[in-house]
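Below, each value reflects all heavy atoms present in this structure, side chains not excepted, and no hydrogens, waters or symmetry copies. Below, chain A is the first sequence line, B the second, and so on; all start at residue 1. What you are looking at is a predicted structure, and each value in this text was computed from that prediction instead of being measured.
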Amino acid sequence: MTTGFGKGCHLHLIDGSAFIFRAYHALPPLTRKSDGLPIGAVSGFCNMLQRYVDGDHGPDAPTHLAVIFDKGSHTFRNDMYDLYKANREAMPEDLRPQIPLTRQATEAFNIACKELEGYEADDIIATLACQARQAGGRVTIVSSDKDLMQLVGDGVEMLDAMKNKRIDREGVFEKFGVYPERVVDVQALAGDSVDNVPGAPGIGIKTAALLINEFGDLETLLDRAEEIKQPKRRETLIEKRDQIELSKRLVQLDCETPLDFTLDDLELRDPDPDKLMEFLAEMEFRTLTKRIADKLGVEPPVIADTPAPAADEPQAEDIPFDASKYECVRDAATLRKWIDQAYERGWLAVDTETTGLNEMIADLVGISLCIEPGAACYVPLTHRDGASDDLFGSDALAEGQMPLDEALQMLKPVLKDPSILKIGQNMKYDAKIFARYGVDVTPIDDTMLMSYAMHAGEHGHGMDTLSERYLGHTPIPIKPLLGSGKSAITFDKVPIDEATAYAAEDADITLRLWKLFKPQLHRAQVTTVYETLERPLVPVLAEMEMHGIKVDRDVLSRMSNAFAQKMAGLEAEIHELAGETFNVGSPAQLGEILFDKMSLEGGKKGKTGKYSTGADVLEDLATEHELPRRVLDWRQLSKLKSTYTDALQTHINPDSGRVHTSYAITGANTGRLASTDPNLQNIPVRTEEGRRIREAFIAEPGNVLVSLDYSQIELRILAHIADIPALKQAFADGLDIHAMTASEMFDVPLDEMTPEIRRKAKAINFGVIYGISGFGLARNLRIPRAEAQGFIDRYFERFPGIRRYMDDTIAFAKEHGYVQTLFGRKIHTTEINAKGPHAGFARRAAINAPIQGTAADVIRRAMVRMPEAIDGLPAKMLLQVHDELLFEVAEDAVEKTIEIARDVMENAPDPAVKLDVKLTVDAGKGANWAEAH
DNA sequence: GACATCACG
DNA sequence: GACGTACGTGATGTCC
């Protein structure tokens, strides 16, 4: 007979949710072999439980133990404040089914497993901790959740199991600046963005602690708020009193939750080997089952090594592709039949055929649909009659097509019906085409983006690649249908029967890919990435691209003329200096002139046997000779003219007078966008002459361009990911980060910093992001390699976290074949285990990818939220340049737009990721892009 | 179509 | 000890 919980007893309370989330994020996406059930978090959870129970806790060993879970999402706090935890992101879809399994796991280990409807786990923990304390026992709360810190003291401590660090009263004081009994007061003032506790605006933990320590407690502070000297603070406290008091009630844990068990029920129990083995075997945890069986001295059960059985539906590849089965839809009744099938299923694969690749110009020619593998059709709409070749007949509509308007009127309701999922491959293209005909397409799924979320870095995501790779089928090529070169025709000239075979197949392939990919997203644990970072970007980018940016043709045209004149002058001088005429634009001819004819030093032949005449080579030669300098100047002008001032003019849309770029969502492996036709992400800015091209990018009368860009976002992310305290502090203090690095590296006080020393530090900071090498840094800084290596060694010495980050990242990549961003984006590193020079590239790319990719994720999140945030304002988001967003805004709404857009950008990681470093955004405005930037 | 070059973050 | 090396893109012109 037990004597009951009391003195000498030690209750350990594990925060179940914390264990689950840590397990989920720490482990690769494991699935149960027999049926593909996601199981990674359960596996991690079991390992953590087992390690905890078996761990050596010394004098803190538990006599009583329980794992406490949350139950349901609605608690009594929601009744007080309906926005409580309202901005929490939905649970990842592959985690949801694992939650009940973690309860089962806890019970299988014979550990008490407790939860209570309407209460958070924290309240149960609070109640138990109070009871245990009153009974004279000790308590260890296994969690690092700061909301629980109010419970610490008088025999209650917290344990951060990850860091194996115990937190006592002093630990709480370190975190909050007050002792546990005043923690809720500080929290009430500071609020909590994660849980959406409002608090007092503008007051953080530091200020809150200061105030509480001055006045003793929250009530006194609020009663005597008039005495506060700072006017803003004083007013906030007086005006927001209700909100602050509500916040206190929200963070105050309930010590009197109605529990239907007692402390004695939590007494530590040995597991029942049979039950535990049964559970572990059912989960198919081979290693863990064996390890625990050994420990318990029992025979491990046999876990069958069966592959996943075939899905109940026939596999996509079981149904052969057969073009003769595709239907050509020529009348409303037939189209209706297909639409009805979409309503039966709830989905519809869609593909458009048009007269060209430019969505702003191309006209709709036909639409293909697919419902199930093999069941696809093509609706020809504006095919031209190629049969009669006379001058007038060739433009006539071909026979046997539905009127375009009629077909669109029938399809319009389906395409915008929220209950019908529209499936496409590169849906941004089709959505833009449809938008020009007044048809919205939503909601969507996109197989290209699904592939990107799962396989970035492994292969491309075009339909041909995906079809061959995942369906084992080579699609009908478009080339023979359209021809090439001068005799190429547009799709409207393709005979309808051939068009049907081609177009319907595309929809068929898309649907088959979707059926294959959809369940795989969960298994690869990229559902959240796909649903928050890829798919929602489609309408946002489509909108930006269709809106375009106004470009002043005359400005460009005048610059082109000026450049042509200058180039002609330079060309004459170059020929004069060379003693002969040659094509200055030919690196091969220039190389021969420089290194053979003039016999200059430093001629190095590349792998194609030609001299290298890159800017760095010419720059070196320019100190001694005139010709290379002239060539450099000529090249700069040539570049500006051909790529920018000439080419941009051809991209001005005659209807809109604006330039409409196209963003490739899957263009860069890291998550960055890529801009094409034209590329508006590389408009010159670094030289004065080039920057003037930005003067041609203008706003409509009455509007201005507004540019907002993240300041040093990659270095901030590096500071967070690699956990570099000095770097974090420097950002927190708002220091010049390169100067600070220089000061740290070269022992130069900040007030004695020279531009030259700072420049070196800047190069090193960037080098780190790029996966630094002594050689690369030496070349960049034009210093001896040994010296560069010395810098790097010193950098690692001063910031040891960097080395650790690099080593850990490479090790992770080698083990898993990919690296991840903070938001879960995976970037595959296929060459990481290769031999030879490939490996070096792969390693540097692996180091860079999480940093560049996280920054890309951040701005993607900002972009996705932006339209709603600026809704109602006379402001449009026009362009994205990696860390910059450019807006066109009515003059009188500039300040408001900046305020809102900056807020969205700076808080873009919330609530998914809490960065240790604040993100800051610089803003500019002006009549043109040169002024705004 | 490959290659070299150079524009951007 | 030698090998090659900063990360991520797109557009243009030359030359085969």
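Checked against dT5(C), dC15(C), dA11(C), the side chain of S586(A) finds its nearest nucleotide in dC15(C). Taking the side chain of A647(A) as heavy atoms from C-beta on, and the options dA6(C), dT9(C), dT12(C), the nearest nucleotide is dT12(C). Residue R686(A) places its side chain closer to dC8(B) than to any other of dA6(C), dG10(C), dC8(B). In this structure, the nucleotide among dA6(C), dC7(C), dG9(B) sitting nearest to the side chain of I772(A) is dA6(C). Of the listed nucleotides (dG8(C), dG10(C), dA6(C)), dG10(C) has the atom at the smallest distance from the side chain of T676(A). Comparing atom distances between the R844(A) side chain and each of dA6(C), dG8(C), dT14(C) picks out dA6(C) as nearest. Closest to the side chain of S612(A), from the set dG9(B), dT5(B), dT5(C), is dT5(B). Considering only side-chain atoms of N682(A), the nucleotide from dT9(C), dG4(C), dC8(B) that sits closest is dC8(B). Side-chain proximity of Y770(A) to the nucleotides dA6(C), dC6(B), dA11(C) is greatest for dA6(C). Distance from the side chain of A763(A) is smallest to dA6(C) among dG8(C), dA6(C), dA11(C).
Nucleic acid contact for N679(A): sugar-phosphate only, since backbone atoms but no base atoms lie under 4.0 Å from a heavy atom of the residue. No engagement by F766(A) is indicated, since no non-hydrogen atom pair under 4.0 Å with the nucleic acid exists. Across all strands, G771(A) comes closer than 4.0 Å to no nucleic acid atom at all (heavy-atom distances). Nucleic acid contact for I683(A): sugar-phosphate only, since backbone atoms but no base atoms lie under 4.0 Å from a heavy atom of the residue. Across all strands, N780(A) comes closer than 4.0 Å to base atoms (heavy-atom distances). Residue contacts for Q589(A): at a heavy-atom cut-off of 4.0 Å it reaches the sugar-phosphate backbone alone, with no base atom in range. At a threshold of 4.0 angstrom between heavy atoms, the contacts of D709(A) with the nucleic acid are absent. No engagement by G840(A) is indicated, since no non-hydrogen atom pair under 4.0 Å with the nucleic acid exists. Residue-level contact check: I769(A) touches neither bases nor backbone, having no heavy atom under 4.0 Å from any strand. At a threshold of 4.0 angstrom between heavy atoms, the contacts of A849(A) with the nucleic acid are absent. Residue R785(A) is classed as a base contact, given a heavy-atom separation below 4.0 Å to a base. Contact annotation for E714(A): no contact, since no heavy-atom pair falls under 4.0 Å across all strands. Nucleic acid contact for S638(A): none, since no nucleic acid atom lies under 4.0 Å from a heavy atom of the residue. Residue S773(A) is in base contact, counting any heavy-atom pair closer than 4.0 Å across all strands shown.
Taking atom CG of residue L879(A) and atom C1' of nucleotide dC8(B), one finds them 13 Å apart after rounding to whole Å. Atoms CZ (R843(A)) and C1' (dG4(C)) sit 12 Å apart, rounded to a whole Å. In this structure, D616(A) places its CG atom 13 Å from P of dT5(C), rounding to the nearest Å. Following rounding to the nearest Å, E831(A) (CD) and dG4(C) (C1') show an atom-to-atom distance of 15 Å. Rounded to whole Å, the distance from CZ on F841(A) to P on dC3(C) is 16 Å. Taking atom CG of L715(A) as the reference point, atom C1' of dG9(B) lies 13 Å away to the nearest angstrom.
Between the side chain of R758(A) and the backbone N or O of A742(A), no donor-acceptor pair lies under 3.5 Å. Within the 3.5 Å criterion, the main-chain N or O of Y663(A) finds a donor-acceptor partner in the side chain of K428(A).
dC6(B) and dA2(C) are spaced 32 Å apart, taking the C1' atom of each and rounding to whole Å. Comparing dC3(C) with dA7(B), their C1' atoms are spaced 31 Å from each other, to the whole Å. A distance of about 16 Å separates the P atoms of dA4(B) and dG4(C), rounded to the whole Å. One P atom belongs to dC3(B), the other to dT5(C), and the distance between them is 15 Å to the nearest Å.
Pairing for dA4(B) goes to dT12(C), judged as Watson-Crick or G-U wobble with the two contacts each under 3.5 Å. Look at dA2(C): it lacks any Watson-Crick or wobble partner with both distances under 3.5 angstrom.
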Test side chain to side chain donor-acceptor pair (under 3.5 Å) on D596(A) and Y611(A) and set out the steps. CA-CA 10 Å; D596(A) 290 339; Y611(A) 291 113; 2.6 Å; yes
Given salt bridge (Lys or Arg N to Asp or Glu O under 4.0 Å), test E619(A) with R782(A) step by step and report yes or no. CA-CA 12 Å; E619(A) 204 67 56; R782(A) 295 165 176 273; over 6 Å; no
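Phosphate proximity of dT5(C) to R779(A): absent, as no side-chain N or O sits under 4.0 Å from OP1 or OP2. At dT5(B), one or more side-chain N or O atoms of T613(A) fall inside 4.0 Å of OP1 or OP2 (strictly under the cut-off).
Figure legend: cation-pi geometry between K826(A) and Y818(A), with NZ or CZ positioned under 6.0 Å from the six-membered ring centre and within 45° of its axis. With F841(A) as the aromatic partner, R844(A) meets the cation-pi criteria of under 6.0 angstrom to the ring centre and within 45 degrees of the ring axis.
Ionic pairing of E688(A) and R691(A) is present here: one or more N-O contacts between side-chain nitrogen and carboxylate oxygen are shorter than 4.0 angstrom. Between R825(A) and E534(A) there is a salt bridge, with a side-chain nitrogen of the basic residue lying less than 4.0 Å from a carboxylate oxygen of the acidic one.
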